[in-house]
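Report on one structure; see the data block that follows.
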Amino acid sequence: MNSKQNKLKWQILTFMWVVCFSSYSQETNDTTTLREVVVSQRRTSAQTVKATNTQLITSTELKRAACCNLGESFTTNPSVDVSYNDATTGARQIKLLGLSGTYVQVLTENVPNFRIAAAPYGLGYVAGPWMQSIQVSKGASSVKNGYESITGQINIEMKKPQSEPEANFNAYVDHMGKLEANADANWLLSDRLSTGLLAHFENGFAGHDENNDGFMDMPRVRQITAANRWAWMGTNYVFQAFVRFLDEKRKSGSHSHDDVSHHYEAPYNINISTTRWEAFTKNAYIFDHENDGNVALILSGSIHDMDAAYGVRKYSVNHKHGYASLMFERKWSEIHALSAGLSFNYDHLDETLELNDVYNYIQDEDAYYPRPKSVGKDIEAVSGAYAQYTFDLDKKLILMCGLRYDYSSVFGSMFTPRFHARWNPDKKWSLHGSIGKGYRSPHALAENNYLLASSRQLIIDSDLHQEEAWNMGAGVNAYLPMFGRTLTLGAEYYHTDFQHQLLLDFVTDPHVLHFKNLDGKSYSHTWQVDATYDVIKDLSVTAAWRRNIVKVDYGQGLIDKPLLPRDKWLLTTSYQPMMGIWQFDVTLTVNGKGDMPEPYITEDGNKSWNSTFKAYPQLNAQVTRNFRHWAIYLGGENLTNYRQPYPIIDSRNPYGPNFDSTLVYGPLHGALVYAGFRYNI
């Protein structure tokens with residue numbers, strides 16, 4: 001590294017020290033494994049050396065698209081969908097196995113994160129360039145990380161301070177006026193001590209209203225976030241710490257075009273201000289290197305403070321979260337291994353909701369939150385213990401049995417059994433299966449406050465049950481030689497069955513949002529088939545099809561869950577000629593048709609919306625030119641230019657009784673063109 005590069009690196013470090021602050025950090029002895037996993041790989045791959053059904057999305061895969069944040073990291077993944085929750089706030093959710101993201105446990109380096117109050121907008125809190133890899137586990141997951149996973153886990157691995165020293169800078173801009181800048185660097189202070197700094201800035205400088213409904217198609221978001229991490233990699237003692245600060249301002253609602261301003265007596269503004277602190281430490285003592293024997297302690301905490309105004313509805317939440325886990329792991333032979341531990345989880349929520357008197361059409365005021373209303377404090381402490389046994393017969397047969405017992409200060413005892421099996425008869429075939437139970441505590445407003453961008457009346461029952469569901473699944477992977485290359489085939493099926501569920505009933509009455517307990521059946525069936533093949537040298541193609549059958553009883557019998565496409569087809573290609581100097585990535589997705597909630601009849605005798613929605617395509621493409629230390633890229637999203645028609649009901653009268661921005665099933669903006677560059681020292 002020459003003196004000029006050294007100077008630039010120190011300048012980046014100095015800048016990030018201004019916006020970050022120091023702390024302590026640790027990582028358990030699987031760091032070496034993670035380094036081995038991050039290889040130059042163009043596509044998501046199933047891991048056949050684990051009992052769980054886990055796919056790895058590497059940093060190379062993430063660079064196939066702009067990947068500005070976690071919510072944009074699954075463009076080329078056939079299993080994970082990311083959709084908008086409503087047409088105004090920009091809130092997104094992950095959908096896995098046909099169910100919403102609240103049933104997917106999100107982890108940061110195996111530490112539970114982005115829960116409850118952080119869930120609605122949490123997918124935008126992790127900058128894409130910060131991520132080293134993402135692990136997607138489908139179905140019942142390991143009991144190590146708690147009882148909350150029902151349909152799967154998504155674990156984010158951030159860039160490590162103990163990696164080879166480097167500094168990176170990334171900038172992004174699109175034609176809709178959004179600018180992003182990211183910087184990260186790590187430094188080895190000694191043979192054992194290292195530190196890393198990460199910074200992110202984004203700002204939406206302009207609002208757009210392409211469908212001329214008087215509302216911004218996408219919110220303007222200004223976010224500043226910075227993180228600092230440390231690592232001590234000793235012979236027997238390993239320590240890592242991570243601390244991060246985030247400040248975000250999110251503005252949406254009425255657009256300022258002169259030609260639509262006359263439709264409102266007053267503008268309908270959405271303003272959301274969020275401040276978030278989070279930190280974790282990991283400490284591991286390795287007492288038996290030969291048998292992977294170690295004892296580890298994980299401590300984490302976060303403070304999430306949000307104030308939001310949705311028109312005349314005001315909502316605020318302060319969420320304090322603490323987590324501790326003490327773990328023991330050891331192999332007793334090459335075949336038998338045991339993991340056991342204790343955990344403690346604490347959540348303290350203080351919520352306030354205020355509804356302005358402009359909603360004078362509400363008939364039964366006692367049935368809804370009075371205005372103003374202090375929703376009150378919600379405190380839950382959960383202590384638990386688990387044991388997990390793994391039988392590994394030379395990677396040919398892997399069995400993993402786990403059992404958790406947790407006690408909630410609110411809901412009482414929880415037993416969480418989970419079982420995984422994988423059989424690899426030879427290098428060409430792999431079969432896997434799993435079954436397990438999961439639980440979730442209901443937090444109606446904290447996890448769904450974006451629904452307040454609506455004139456629907458709000459009802460939240462007072463006796464909400466804890467959610468409880470079984471998940472089971474099985475699949476097969478084949479690796480077949482064909483014309484000198486390998487054809488990878490996969491097929492799988494998953495079934496989720498709810499015993500208790502928090503239902504958001506927006507079907508029974510089109511003017512009401514009703515949070516209530518499930519009184520009947522609710523389940524999902526998911527089938528998926530995919531294939532990957534290198535057609536020619538440097539050209540990889542993946543094709544996939546998925547079918548979701550999700551049925552819910554809202555009180556009048558089972559129906560298909562509205563706003564959910566039944567099918568998804570995906571075709572993605574990656575071409576890297578000239579030893580990767582150029583890279584061309586194209587992804588075509590077709591989302592199938594689905595149902596809308598039953599419409600009501602307007603005063604002029606027309607339906608308020610269609611009863612179903614049609615299939616629609618989306619095309620993403622990106623061209624990248626790689627140089628020795630930097631790269632430039634140009635791309636586009638939704639190049640088919642499909643937008644959901646009229647995503648906001650009665651947008652011309654946002655203070656009237658029919659205004660609703662929550663019935664979203666498709667894209668909200670048209671074709672988007674972007675450009676950016678990456679620089680590495």
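Keep in mind that this is a model prediction, so the values were computed, not measured.
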> Asp350 and Asn318: side-chain donor and acceptor closer than 3.5 Å?
Replying inline: no
>> Test your reading of the model: is there a side-chain donor-acceptor pair from Gln105 to the backbone of Asn145, 3.5 Å cut-off?
In response: yes
>> Determine whether a donor-acceptor pair (N or O, by modelled atom type, separation under 3.5 Å) exists between the side chain of Asn228 and the backbone of Gly196.
In response: yes
>> Would you say that more than 12 heavy atoms from the other residues, nucleotides or ligands in this model lie under 6.0 Å from the NZ of Lys251, or not?
In response: no
> Do Phe242 and Phe280 have their ring centres less than 6.0 Å from each other?
Replying inline: yes
>> Does this structure show an ion pair linking Arg330 with Asp292, if we count only N-O contacts that are shorter than 4.0 Å?
In response: no
> Backbone N or O of Lys50 within a donor-acceptor pair of the Arg422 side chain at under 3.5 Å?
Replying inline: yes
>> One pair to check against side-chain hydrogen bond (donor to acceptor under 3.5 Å, both in side chains): Glu157 and Asn155. What are the steps and the verdict?
In response: CA-CA 7 Å; Glu157 291 293 337; Asn155 181 49; 3.1 Å; yes
> With a 3.5 Å cut-off and no angle check, do the side chains of Gln223 and Asp247 form a donor-acceptor pair?
Replying inline: no
> Would Tyr674 and Gln622 satisfy side-chain hydrogen bond (donor to acceptor under 3.5 Å, both in side chains), going step by step from the backbone distance to the final call?
Replying inline: CA-CA 9 Å; Tyr674 63 84; Gln622 179 175 288; 2.7 Å; yes
> Do side-chain atoms of Asn626 reach the backbone of Gly580 as a donor and acceptor pair under 3.5 angstrom?
Replying inline: yes
> Has the side chain of Asp288 got a donor or acceptor atom that lies under 3.5 Å from a matching backbone atom of Glu290?
Replying inline: yes
> Distance under 6.0 Å and angle within 45° of the ring axis: does Arg244 meet both against Trp277?
Replying inline: no
> Any side-chain heavy atom of His289 sitting closer than 4.5 Å to one from Asn236?
Replying inline: yes
> salt bridge (Lys or Arg N to Asp or Glu O under 4.0 Å): which pairs involve residues 126-145, sequence neighbours left out?
Replying inline: Lys138-Glu492, Lys144-Glu329
> Is any side-chain heavy atom of Ser252 closer than 4.5 Å to a side-chain heavy atom of Thr89?
Replying inline: no
> With a 4.0 Å cut-off, would you call Asp585 and Arg64 a salt bridge?
Replying inline: yes
>> In the structure I gave you, are the side-chain heavy atoms of Pro577 and Phe584 within less than 4.5 Å of one another anywhere?
In response: yes
> Judged by modelled atom types alone, do Asn638 and His669 share a side-chain donor-acceptor pair under 3.5 Å?
Replying inline: no
>> Does either side chain, that of Glu278 or that of Asn113, offer a donor lying less than 3.5 Å from an acceptor on the other one?
In response: yes
>> Looking at Asp392 and Lys395, is there a salt bridge between them, counting it only when a charged N and a carboxylate O are closer than 4.0 Å?
In response: yes
>> Do Thr532 and Val541 make a side-chain contact, defined as non-hydrogen atoms from C-beta onward lying under 4.5 Å apart?
In response: no
>> Applying side-chain hydrogen bond (donor to acceptor under 3.5 Å, both in side chains) to Asp307 and Ser273, what does each step give before you reach the verdict?
In response: CA-CA 5 Å; Asp307 291 302; Ser273 178; 5.7 Å; no
> Looking only at side chains, do Thr54 and Ser137 share a donor and an acceptor under 3.5 Å apart?
Replying inline: yes
> Going by an N to O cut-off under 4.0 Å, is there a salt bridge joining Arg220 and Glu202?
Replying inline: no
> So, Arg250 and Glu248, do they make that salt bridge, N to O below 4.0 Å?
Replying inline: yes
> So do the side chains of Ile154 and Ile94 get within less than 4.5 Å of each other, counting heavy atoms only?
Replying inline: yes
> Is a side-chain N or O of Asp534 found less than 3.5 angstrom from the main chain of Lys537, in a donor-acceptor match?
Replying inline: no
>> The test is side chain to side chain contact (heavy atoms under 4.5 Å, CB included); show your working for Asn203 and Lys178 and say whether it passes.
In response: CA-CA 6 Å; Asn203 195 17; Lys178 180 181 178 181; over 6 Å; no
> Any idea which heavy atoms bring Leu188 and Pro161 closest together, and the distance?
Replying inline: CD2-O, 3.9 Å
>> With a 4.5 Å cut-off on side-chain heavy atoms, are Ile57 and Leu62 touching?
In response: yes
> Are any non-hydrogen side-chain atoms of Trp230 and Leu189 less than 4.5 angstrom apart?
Replying inline: yes
>> Please tell me whether His321 and Tyr346 have a donor and an acceptor in their side chains that are separated by less than 3.5 angstrom.
In response: no
> Step by step, would you call Thr390 with Gln388 a side-chain hydrogen bond (donor to acceptor under 3.5 Å, both in side chains)?
Replying inline: CA-CA 7 Å; Thr390 303; Gln388 183 170 276; 4.7 Å; no
> Side-chain contact, heavy-atom cut-off 4.5 Å: His336 with Tyr389?
Replying inline: yes
> How about Ser141 and Arg418: does a side-chain donor come under 3.5 Å of a side-chain acceptor?
Replying inline: no
> Any side-chain donor-acceptor pair under 3.5 Å between Arg192 and Thr235?
Replying inline: yes
> Do Tyr237 and Asn283 have side-chain atoms, one donor and one acceptor, less than 3.5 Å apart?
Replying inline: yes
> Is there a donor in the side chain of Arg404 and an acceptor in the side chain of Ser343, or the other way round, less than 3.5 Å apart?
Replying inline: yes
> Under 30°, 30 to 60°, or over 60°: which ring-plane class applies to Tyr679 and His629, parallel, tilted or perpendicular?
Replying inline: tilted
> Between Tyr172 and Asp174, is any side-chain donor less than 3.5 angstrom from a side-chain acceptor?
Replying inline: yes
> Of Arg115, Arg440, Lys320, which is the lone residue that meets salt bridge (Lys or Arg N to Asp or Glu O under 4.0 Å) with Asp347?
Replying inline: Arg115
> Are the side chain of His420 and the backbone of Ala140 linked by a donor-acceptor contact shorter than 3.5 Å?
Replying inline: yes
>> Can you see whether Gln93 engages Tyr84 through a side-chain donor-acceptor pair at a distance of less than 3.5 angstrom?
In response: no
